[in-house]
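If you read the sequence from its start, that first residue is 1, and numbering goes on from there. Quick note: numbers below take in every heavy atom, side chains included, and nothing from hydrogens, waters or symmetry partners. Start at 1 and go down the list; that is how both ligands and their atoms are numbered.
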Amino acid sequence: MQSFVYQILPSRVIFGAGSVEKLPQEMERLGAAKALVLSTPEQRQSGLEMLDRLGARAAGLFDRAVMHVPIETAEAARQEARRLGADCCVAVGGGSTTGLAKAIALVSELPILAVPTTYAGSEMTPIWGLTEGGRKTTGRDPRVLPNTVLYDPCLTVSMPPALSATSGMNSVAHCVEALYAQEANPIISMLAEEGIRAFAQSLPVIVRDAGNLEARSQALYAAWLGGLALGSVGMALHHKLCHTLGGSFNLSHAETHTVVLPHAVRYNESCAPDAMAQVARALGSRSASEGLYDLAVALGAPVSLSSLGMNESDLDRAAGLAVQNPYYNPRPITRDGIRALLQNAFEGRRPWTTDST
Ligand code: NAD
């Protein structure tokens with residue numbers, strides 16, 4: 001067995017239907033008495049319900065969380081937390097809302113109680129992101145790791161099937177890249193493979209029957225594993241490419257992950273054979289890239305960058321941006337290789353048709 005380093009992430013997880021009811025006692029456990037509740041405008045109702053649930057423990061609601069945490073939103077939320085004298089944040093929502101709580105914690109060290117309602121996994125990572133002047137900066141800081149995570153599958157039932165599918169594929173991507181990460185270790189690999197398997201079983205049920213609580217529970221469990229994988233080891237080509245495409249071409253986060261994943265995996269397939277065998281085993285497919293593509297198709301999710309609104313004329317610039325800063329990847333990054341990958345992703349071609357790339 002290869003040598004490795006494993007760093008445990010200190011978060012407390014409360015899992016199961018109805019677990020959100022335990023929020024007041026979890027706040028008490030942290031010694032917190034006044035929560036600033038955070039939500040997106042679309043999930044304002046969930047934020048208001050949280051205020052009701054918390055009663056006197058709620059300081060107020062800030063319902064302006066948006067994708068990629070613009071610095072102006074972060075500043076406004078930080079000011080609101082100070083104004084209300086909040087001593088913790090309760091983030092009810094997906095990665096955008098958790099991201100806003102992290103932006104507050106980054107400057108105030110306020111503890112975070114996260115109530116995830118998508119499968120993005122941000123609640124399990126010490127990774128923060130802030131966007132200023134159209135440029136997103138990310139970093140790792142233990143102060144932004146949520147202290148307590150309440151995974152309640154009942155809150156995910158309202159997630160539309162299309163978002164459930166792409167959000168799930170976003171988390172599958174965390175699991176996949178963890179398997180061939182530079183810091184890969186057997187503990188995280190075990191969790192990552194289990195995460196892919198649990199998603200492959202649950203997502204097809206969810207897109208047919210969004211209210212199936214057993215499948216919702218399984219997917220949320222898989223999302224926890226995906227988040228843990230993302231937070232514990234570094235990512236590679238796939239995440240860097242999605243970061244570039246999302247940041248520079250304003251493509252939707254989870255959909256971009258869904259489209260790019262089979263192609264990034266195809267690019268790396270021959271250079272990480274053990275990891276790819278684990279992905280294929282978890283999916284029950286002939287190869288990792290084919291299995292991921294077929295899963296996206298079976299879920300009715302988008303499979304081409306063109307369908308996300310990307311222009312073919314931007315592919316050259318995207319390839320240039322993607323190779324600007326060197327980073328770890330199992331297969332060396334070449335501009336031609338990335339350009340070919342992007343073309344296949346643009347057209348939405350099934351990976352086996354691109355065996356020469
Ligand atoms: P999101 O949080 O932006 O949510 C998308 C939309 O779905 C929002 O309008 C939201 O209100 C709505 N929504 C969420 N849950 C719902 C539910 N259960 N029912 C109905 N509507 C619901 O999307 P996301 O994909 O969860 O997060 C994306 C953001 O998170 C990106 O900015 C990404 O960079 C970031 N992210 C960060 C990390 C990290 O570790 N820092 C990890 C993953 C994602």
(request) Compute the minimum heavy-atom distance from M124 to ligand 1 and say whether it is under 4.0 Å. (result) no

(request) Report, in ascending order of atom number, the atoms of ligand 1 lying under 4.0 Å from any heavy atom of K102. (result) 39 (C), 40 (O), 41 (N)

(request) Find all atoms of ligand 1 within a distance of less than 4.0 Å from any non-hydrogen atom belonging to T40, and give their numbers and elements. (result) 10 (C), 11 (O)

(message) Checking a contact table here: which protein heavy atom is nearest atom 10 (C) of ligand 1, and how many Å away?
(response) Q43 OE1, 3.4 Å

(message) List ligand 1 atoms under 4.0 Å from H68, heavy atoms only on the residue side.
(response) 31 (C), 32 (O), 34 (O)

(message) Would the distance check show the side chain of Y6 and the main-chain N or O of S232 forming a donor-acceptor pair, the cut-off being under 3.5 Å?
(response) no

(message) With respect to G121, determine whether any N or O atom, backbone or side chain, lies less than 3.5 Å from an N or O atom of ligand 1.
(response) no

(message) For a side-chain contact (heavy atoms from CB on, under 4.5 Å) check, start with the C-alpha distance between I188 and F4, then their side-chain angles and the critical distance, and finish with the verdict.
(response) CA-CA 11 Å; I188 294 299; F4 60 88; over 6 Å; no

(request) State the atoms of ligand 1, each with its element, that fall below the 4.0 Å cut-off from a heavy-atom position in L230. (result) 40 (O), 42 (C)

(request) Please determine if D294 and R350 form a salt bridge, counting it only when a charged side-chain N lies under 4.0 Å from a carboxylate O. (result) yes

(message) Side chain, backbone, both or neither: which applies to K136 and ligand 1 if a contact is any heavy-atom pair less than 4.0 Å apart?
(response) side chain

(message) Which residue in the set R349, H263, R266 passes side-chain hydrogen bond (donor to acceptor under 3.5 Å, both in side chains) when paired with N344?
(response) R349

(message) To check your reading of the model: name the closest protein heavy atom to atom 40 (O) of ligand 1, its residue, and the distance in Å.
(response) T125 OG1, 2.6 Å

(message) Suppose we measure from atom 4 (O) of ligand 1 to each protein heavy atom; which comes out shortest, and what is that distance?
(response) T118 CG2, 4.4 Å

(message) Go through it in stages, so that I can follow the logic: the residues are Q201 and R197, the test is side chain to side chain donor-acceptor pair (under 3.5 Å), and I'd like the CA-CA distance, side-chain angles, deciding distance and then a yes or no.
(response) CA-CA 6 Å; Q201 286 169 1; R197 184 173 295 111; over 6 Å; no

(request) Have a look at A91, P41, S164, G95 and point out the one with the heavy atom closest to atom 24 (P) of ligand 1. (result) G95

(request) Check for a donor-acceptor pair, side chain of S171 on one end and backbone N or O of G168 on the other, with a separation under 3.5 Å. (result) no

(request) Go through the steps to decide whether T125 and R140 satisfy the test side chain to side chain donor-acceptor pair (under 3.5 Å), and finish with yes or no. (result) CA-CA 8 Å; T125 83; R140 282 181 183 253; over 6 Å; no

(request) Could you see which bit of E42 sits under 4.0 Å from ligand 1, with heavy atoms only: side chain, backbone, both or neither? (result) side chain

(message) Between H257 and H253 (judged by ring centroids, cut-off 6.0 Å), do the two rings come close enough to count as a pair?
(response) yes

(message) Distance under 4.0 Å to a non-hydrogen atom of M67: what atoms of ligand 1 satisfy this?
(response) 3 (O), 28 (C), 29 (C), 31 (C), 32 (O)

(message) Below 4.0 Å, non-hydrogen atoms only: which portion of L155 touches ligand 1? Side chain, backbone, both or neither.
(response) backbone

(request) Side-chain contact test, heavy atoms from C-beta onward, threshold under 4.5 Å: evaluate it for M169 versus E255 and give yes or no. (result) no

(message) Among all the protein's non-hydrogen atoms, which is closest to atom 43 (C) of ligand 1, and how far away is it?
(response) A120 O, 3.3 Å

(request) Starting from atom 44 (C) of ligand 1, locate the nearest protein heavy atom and write down its residue, its atom name and how far away it is, to 0.1 Å. (result) H253 NE2, 3.6 Å

(request) Say whether S96, considering both its backbone and side-chain N or O atoms, lies within less than 3.5 Å of an N or O atom on ligand 1. (result) yes

(message) When you compare ligand 1 with N170, is there at least one nitrogen or oxygen pair between them that comes in under 3.5 angstrom?
(response) no

(message) Before you tell me yes or no, could you show the steps for Y221 and Y151 under ring pair (Phe, Tyr, Trp, His ring centres under 6.0 Å), namely the whole-Å CA-CA distance, both residues' side-chain angles and the distance that decides it to 0.1 Å?
(response) CA-CA 8 Å; Y221 157 72; Y151 281 113; 9.6 Å; no

(message) Between S167 and T118 (side chain of the first, backbone of the second, donor and acceptor by atom type, cut-off under 3.5 Å), is there such a pair?
(response) no

(request) Ignoring hydrogens and angles, tell me if any N or O in the side chain of N329 forms a donor-acceptor pair with the backbone of A236 under 3.5 Å. (result) no

(request) For atom 20 (C) of ligand 1, grab the closest protein heavy atom and report residue, atom and distance to one decimal in Å. (result) S158 O, 3.5 Å

(request) Considering the heavy atoms of G94, write down every atom of ligand 1 situated less than 4.0 Å from one of them. (result) 2 (O), 26 (O)

(message) Return the closest protein heavy atom for atom 5 (C) of ligand 1 as residue, atom name and distance.
(response) L163 CD2, 4.5 Å

(request) Write out the residue and atom name of the closest protein heavy atom to atom 41 (N) of ligand 1, then the distance separating them to 0.1 Å. (result) I127 O, 2.9 Å

(message) Please identify which of these residues, R12, R57, R53, meets the salt bridge (Lys or Arg N to Asp or Glu O under 4.0 Å) condition with E26.
(response) R12

